[in-house]
Asker: 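The following block contains the structure, expressed as structure tokens.
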Amino acid sequence: MRLTLIAAACVAAWPAWAQDASVAAPSQQIIVTGNPLRQADPAAPASVLSEEALATRRSSTLGETLDGLPGVAATGFGPNASRPVIRGQDGDRIRILSNAGASLDASSLSFDHAVPLDPLVIERIEVLRGPAALLYGGSALGGVVNAIDNRIPKSPLAPLSGALELRGGGAASERALSGLVEGGVDGLAWHADAFARRTSDLAVPRFTVDGDSRTRVINSASDAKGGALGVSRVWQDGYVGASVDTYRNDYGVVVEEDISISMKRDKLALAGEWRALPGPISTVRAQAAFTDYQHQEIEGTGEVGTTFATKGSDARIEVVQTSTALGAGRLDGAWGLQWERSRFSALGEEAFVPTTRTQQLALFGLQRWSLNKEWHLSAGLRGERVQVDSDGDADGGTPRFGPARQRHFHPLNLSLAAGWRLGEGWEASASLARSQRAPTSYELYADGVHAATAAYERGNLNQAVESGRQFDLGLAWQGGPHSARISLFHSRFSNYIALAATGTDFTTDEGDLVPIYEFRGVPARLHGLEAEGRWQAWSQAGQTLTLEAQADLVRGERSDTGEPLPRLAPWRVSLAADWQSGPWGLRLDVQHAARQDRVDANDTPTPGWTLAHLRASWTTRLAGHDTVLFARVNNLGNTLATSASAIPTVRALSPLPGRSLAAGVRVAF
């Protein structure tokens, strides 16, 4: 609370001469994540969800909301805990951001830990496919997902505006309500939002588990709620603001029928930007956040079995150079400093990681030289210092983690990229990166049974930095309402930290045998492609018919043995027809996933499937307010399907949702 009052006081005290509410901040129609120079790069491998596209895709988790975008799958631990998988990589290789700041939680530690971000209150999601370690650290080695909201307003607002959304139905019998209200006057802008969501056990096509026929995923219900308050001082060339938000989620764990998780997360965020500065620096951006996260695993008796807690802070500052002439072209650049510190603890019977502390300090720089907007060349460098400490057995209990320990790492990341305008709407891009990631606390210090994976997981104290090289080639075309894009990628790791079987078993206190796995560095490679296209087939008298297609493929294996890397999505293709007639919209999606039989020794093949989805919308004005009514029918054929990117322990217990009808209404004022 004291921090909140200090932040609010700083905003209120911002000098009046820095205000000018009469001129709004410039509108940015480009992808801002990983782009401190705010320059367009259409051939970059990225996706954006906002407005209607986001409204119709919103699900209860971030992973499920993004699943099906080019190159993006989901970990799929039931309907409540699902992180994005990008180009076959997940966990601490995919950076989850909230307004470009760290989202501190425990979701990367275990598949049954949810991401404390609810899509109901997110206004825009940007997904970067491929390495972004240069700007966000080694945990962005595989990609970035940035959830963007307006909790800290960045530009002047109308005196009063807002929106209210109500939705219900679907395979989980969702009942959800979200709303926001915001406004501004005399350079002061404010924002408030809140949401509540309840779901029941997920309805699925009939399947069998150990001879038991089911049409529901047992213990998959949830109850989530949260909200935020934010305020900013806004002027013509910048803003400074603060927000506080809270998130609560109680949900079942599908692999354990009598276990539920009670999660809470509180956060204070500060952010500011100052543009159009005189001299060699044109823009300065800064942000900081303080996060208190905890979740408890509750036994069927009501007792707390294990408590996971993360407390931490992060800060980031970016300085953008004033564009200058260099030779026949122009030089632009940005420099930055990033700092993070967190303390993680897991106390209880299923704690398999000791209390740890992680600190990271990084400096990075990016320079871009462009010639007549026809082509550009950019280079970047990032140096980090990472310290990961273990308290060992200092917390008491059964001695297992040993004495306190400390490891230091110094990852170094380099990148080169180029882009060309080829004429007639064509653009090409190529990038080469050398990325490194420091091992996480659990890759170093884990030592215990992990219920979510049904295995005994053991860290490696001598773990080295994960290191790899990535190459990406992109080609994009835009011709009026028609567009196409293709990306090819190849990654080769000299040291890829994988959870590998040891061939031995561990006997639990109950007398059960579980396999022992150890985090090891192995050589590995991943490669694949993503393609998407959009063609407006017909347009007449306010009616349009647009056809869309996309496909993606990822292959990954250990370079030394040829064994496939675990939980890779198979090749996928989807086709869509989108019809618009004035306020009416109708869309049919057909998605196909091939059989995945390239699996590691500890997995089984996943059958292929084809699913069809139908959605409709109607935009109108009711009582003077812009109103959108929408409905969707998922899995029209009620086809039984499972996700190859979900871990085997949950795949057989939680198929993809069955046929269902969901509907909602959104009113803006």
Side-chain angles (χ1 to χ4, degrees), residues 33-35 44-46 66 71-73 75 83-97 100 102-103 107-109 126-146 314 316 336 338 340 358 360-364 366 380-386 388 409-417 431-444 463-472 487 489-499 519-528 530 554-559 565-568 645:
T33 305
N35 186 6
L66 301 177
V72 183
T75 56
R83 279 176 59 100
V85 180
I86 300 178
R87 292 181 170 179
Q89 301 189 60
D90 57 14
D92 272 290
R93 298 183 184 93
I94 302 301
R95 184 70 150 158
I96 306 296
L97 301 175
S103 176
S107 64
S108 63
L109 174 70
E126 296 183 348
V127 181
L128 302 188
R129 306 190 298 273
L134 176 70
L135 294 174
Y136 299 111
S139 56
L141 187 147
V144 171
V145 175
N146 188 14
D314 66 282
R316 180 184 185 90
Q338 182 180 349
E340 293 183 22
T358 302
Q360 173 188 301
L361 180 64
L363 291 169
F364 60 86
L366 175 68
L381 173 68
R382 179 189 179 98
E384 297 181 37
R385 182 184 186 277
V386 182
V388 188
F409 304 93
H410 297 86
L412 182 66
N413 292 279
L414 308 169
S415 73
L416 290 172
S431 64
L432 179 65
R434 183 232 191 204
S435 303
Q436 292 188 326
R437 179 180 70 89
T440 63
S441 58
Y442 57 88
E443 291 169 336
L444 293 167
Q463 201 77 258
V465 167
E466 186 171 79
S467 183
R469 300 185 302 275
Q470 297 87 21
F471 176 72
D472 202 294
S487 298
F489 64 91
H490 180 84
S491 301
R492 184 176 294 272
F493 294 86
S494 58
N495 188 60
Y496 186 87
I497 301 176
L499 190 60
F519 288 99
R520 297 175 181 171
V522 300
R525 57 179 175 261
L526 290 125
H527 53 275
E530 298 137 6
V554 59
R555 295 282 296 269
E557 57 272 328
R558 289 181 54 164
S559 303
L565 295 178
R567 302 182 311 280
L568 296 182
S645 53

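None of the values given here were measured: they were computed from a predicted structure.
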Asker: Considering all heavy atoms of both residues, which atom of Val144 and which atom of Ala132 are nearest to each other, and what is their separation?
Answerer: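 Nearest pair, atom of Val144 first, then Ala132: CG2-CB, 3.6 Å.
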
Asker: How far apart are the closest heavy atoms of Asp92 and Ser108, and which atoms are they?
Answerer: OD2-OG, 3.1 Å

Asker: Dump the intermediate steps for side-chain contact (heavy atoms from CB on, under 4.5 Å) on Arg87 and Ser487, then the final yes or no.
Answerer: CA-CA 11 Å; Arg87 292 181 170 179; Ser487 298; 4.0 Å; yes

Asker: Looking at Phe489, is Arg129 sitting on its ring face, NZ or CZ under 6.0 Å from the six-membered ring centre and within 45 degrees of the normal?
Answerer: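 Relative to the ring axis of Phe489, which defines the angle, Arg129 lies outside at least one limit.
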
Asker: Taking the six-membered ring of Tyr496, is NZ or CZ of Arg93 closer than 6.0 Å to its centre and within 45° of its axis?
Answerer: yes

Asker: Measure the shortest side-chain to side-chain distance between Leu135 and Arg95 over non-hydrogen atoms and say whether it is less than 4.5 angstrom.
Answerer: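 Answer no - side chains too far apart.
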
Asker: Determine whether Tyr136 and Arg316 satisfy the following criterion, side-chain contact (heavy atoms from CB on, under 4.5 Å), listing intermediate values before the conclusion.
Answerer: CA-CA 10 Å; Tyr136 299 111; Arg316 180 184 185 90; 3.8 Å; yes

Asker: Looking only at heavy atoms, which two atoms of Ala46 and Leu128 are closest? And how far apart?
Answerer: CB-CD2, 3.9 Å

Asker: Rounded at 0.5 Å granularity, tell me how far CD in Glu466 sits from CD in Gln436.
Answerer: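 Glu466 CD to Gln436 CD: 10.0 Å, rounded to 0.5 Å.
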
Asker: Within the distance-only criterion (no hydrogens, no angle test), does the side chain of Arg382 pair as donor or acceptor with the backbone N or O of Leu134 below 3.5 angstrom?
Answerer: yes

Asker: Is a donor on one side and an acceptor on the other found under 3.5 Å between the side chain of Gln463 and the backbone of Phe519?
Answerer: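 Indeed, once roles are kept as given, a pair shorter than 3.5 Å links the two residues.
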
Asker: Report the residue from Pro411, Pro131, Ser435, Ser491 that forms a side-chain contact (heavy atoms from CB on, under 4.5 Å) with Leu141.
Answerer: Ser435

Asker: Calculate, to the nearest 0.5 Å, the distance between atoms CG and CZ belonging to Leu361 and Arg385 respectively.
Answerer: 8.5 Å

Asker: What's the shortest heavy-atom distance between Leu66 and Pro84, and which atoms?
Answerer: CD1-CG, 3.9 Å

Asker: State whether the number of non-hydrogen atoms from other residues, nucleotides or ligands found under 6.0 Å of Arg469 atom CZ is greater than 12.
Answerer: no

Asker: Decide side-chain contact (heavy atoms from CB on, under 4.5 Å) for Ile86 and Val145; before the verdict, give the C-alpha distance in whole Å, the side-chain angles of both, and the deciding distance to 0.1 Å.
Answerer: CA-CA 9 Å; Ile86 300 178; Val145 175; 4.0 Å; yes

Asker: Is there a side-chain contact between Leu526 and Val554 in this structure, where contact means two heavy atoms from C-beta onward sitting under 4.5 Å apart?
Answerer: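 The answer is yes; the side chains approach within 4.5 Å.
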
Asker: Which atoms form the tightest heavy-atom contact between Gly468 and Phe493, and what is the distance?
Answerer: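 Heavy atoms of Gly468 and Phe493 come nearest at CA-CD2, 3.7 Å.
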
Asker: Could you tell me if the side chain of Asn413 sits less than 4.5 Å from the side chain of Phe364, heavy atoms only?
Answerer: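 Counting from C-beta outward, Phe364 and Asn413 never come under 4.5 Å.
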
Asker: Can you tell me if Arg434 uses its side chain to pair, donor with acceptor, with the backbone of Leu412 under 3.5 Å?
Answerer: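 The answer is yes, because a donor-acceptor pair under 3.5 Å joins these two groups.
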
Asker: How many angstroms lie between NE2 in His527 and CZ in Arg525, if you round to the nearest 0.5 Å?
Answerer: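 The distance works out to 7.5 Å.
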
Asker: Short question: side chain of Asn146, backbone of Glu126 - any donor-acceptor pair under 3.5 Å?
Answerer: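 Between the backbone of Glu126 and the side chain of Asn146 there is no qualifying donor-acceptor contact (under 3.5 Å).
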
Asker: With a 3.5 Å distance limit and no angle check, can you tell me whether Asn495 reaches the backbone of Val465 through a side-chain donor-acceptor pair?
Answerer: yes

Asker: Please test Val85 against Arg567 for side-chain contact (heavy atoms from CB on, under 4.5 Å), starting from the C-alpha separation and ending with a verdict.
Answerer: CA-CA 10 Å; Val85 180; Arg567 302 182 311 280; over 6 Å; no

Asker: Where do Ile497 and Ala464 come nearest, in terms of heavy atoms and distance?
Answerer: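 So the minimum-distance heavy-atom pair works out to CD1-O, 3.9 Å.
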
Asker: Side chains of Asp472 and Pro45: does their closest heavy-atom pair fall under 4.5 Å?
Answerer: yes

Asker: Rounded at 0.5 Å granularity, tell me how far CZ in Arg555 sits from CG in Leu568.
Answerer: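 Those atoms lie 9.5 Å apart.
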
